[in-house]
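All heavy atoms count here, side chains included; hydrogens, waters and symmetry mates do not. As the structure is a prediction and not an experimental result, all values here were calculated from the model.
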Amino acid sequence: MNSILLVEDDPEITKLLNLYFDSGPYQLTCCSSGKEAIEKAASKEFNLILLDITLPDTSGMEICKNLRQQAVQAPIVMLKCHSDKPIKCWR
């Protein structure tokens, strides 16, 4: 089974993604803060991380840096909603 970590503080987006991934061979683990995301990623290996850029306690970019420093190897897809500003991405 494919294990996905969803880090999203908007309950409507979380609900929508839960509905989508529930229909396939996916196990979706959800959390809504950066602290919780780092704890969950450290406790389990995920095949994919869906990471909101704007979270209440820290930015998604900072979480991404932290996960990579912890040697988390899962691909990370950044989620961004309702903004006119482009974001800079790095590898």
A.B. asks: Of the options L55, I38, D52, L50, which is the one that meets V7 in a side chain to side chain contact (heavy atoms under 4.5 Å, CB included)?
C.D. replies: L55

A.B. asks: To the nearest 0.5 Å, what is the distance between NZ (K65) and OG (S59)?
C.D. replies: 7.5 Å

A.B. asks: Name all residues meeting the ring pair (Phe, Tyr, Trp, His ring centres under 6.0 Å) criterion together with F46; count only those two or more places apart in sequence or in a different chain, and write none if there are none.
C.D. replies: none

A.B. asks: How close do L48 and V77 get, counting heavy atoms only, and between which atoms?
C.D. replies: CD1-CG2, 3.8 Å

A.B. asks: Looking at CG of D9 and OG1 of T54, how far apart are the two atoms once the value is rounded to the nearest 0.5 Å?
C.D. replies: 6.0 Å

A.B. asks: Can you give me the closest heavy-atom contact between I53 and M78, atom names plus distance?
C.D. replies: CG1-CE, 3.7 Å

A.B. asks: Got a second to check how far N47's CG is from S3's OG, nearest 0.5 Å?
C.D. replies: 6.0 Å

A.B. asks: Less than 4.5 Å apart, side chain to side chain, heavy atoms only: is that true for I63 and L51?
C.D. replies: yes

A.B. asks: Are C30 and E8 close enough that some pair of their side-chain heavy atoms sits under 4.5 Å apart?
C.D. replies: no

A.B. asks: Which heavy atom of Y26 sits nearest to which heavy atom of F21, and what is that distance?
C.D. replies: CD1-O, 3.5 Å

A.B. asks: Any side-chain donor paired with an acceptor under 3.5 Å for N66 and Q70?
C.D. replies: yes

A.B. asks: Does one hydrophobic cluster hold both Y20 and L28, with members joined at side-chain heavy-atom distances below 4.5 Å?
C.D. replies: yes

A.B. asks: Step through the shown structure and confirm whether more than 12 heavy atoms of other residues, nucleotides or ligands are within 6.0 Å of NZ on K15.
C.D. replies: no

A.B. asks: Looking at E45, I'd like to know if its CD atom is crowded, meaning that more than 12 non-hydrogen atoms belonging to other residues, nucleotides or ligands lie closer than 6.0 Å.
C.D. replies: no

A.B. asks: If you define the side chain from C-beta out and look only at heavy atoms, does anything of E36 sit under 4.5 Å from S32?
C.D. replies: yes

A.B. asks: Considering only heavy atoms from C-beta outward, does the side chain of E39 approach that of K35 to under 4.5 Å?
C.D. replies: yes

A.B. asks: Within the 4.5 Å heavy-atom criterion, are I49 and P75 side-chain neighbours or not?
C.D. replies: no

A.B. asks: Would you please test I4 and T29 for side-chain contact (heavy atoms from CB on, under 4.5 Å) and show each step?
C.D. replies: CA-CA 6 Å; I4 299 171; T29 301; over 6 Å; no

A.B. asks: Quick one: are L17 and L79 in side-chain contact, heavy atoms under 4.5 Å?
C.D. replies: yes

A.B. asks: How close do L5 and A37 get, heavy atom to heavy atom, and via which atoms?
C.D. replies: CD2-O, 3.9 Å

A.B. asks: Going from CD1 on I76 to CE on M61, what distance comes out if it is rounded to the nearest 0.5 angstrom?
C.D. replies: 10.5 Å

A.B. asks: Could you check whether any side-chain heavy atom of N2 comes within less than 4.5 Å of a side-chain heavy atom of Q27, counting everything from C-beta outward?
C.D. replies: no

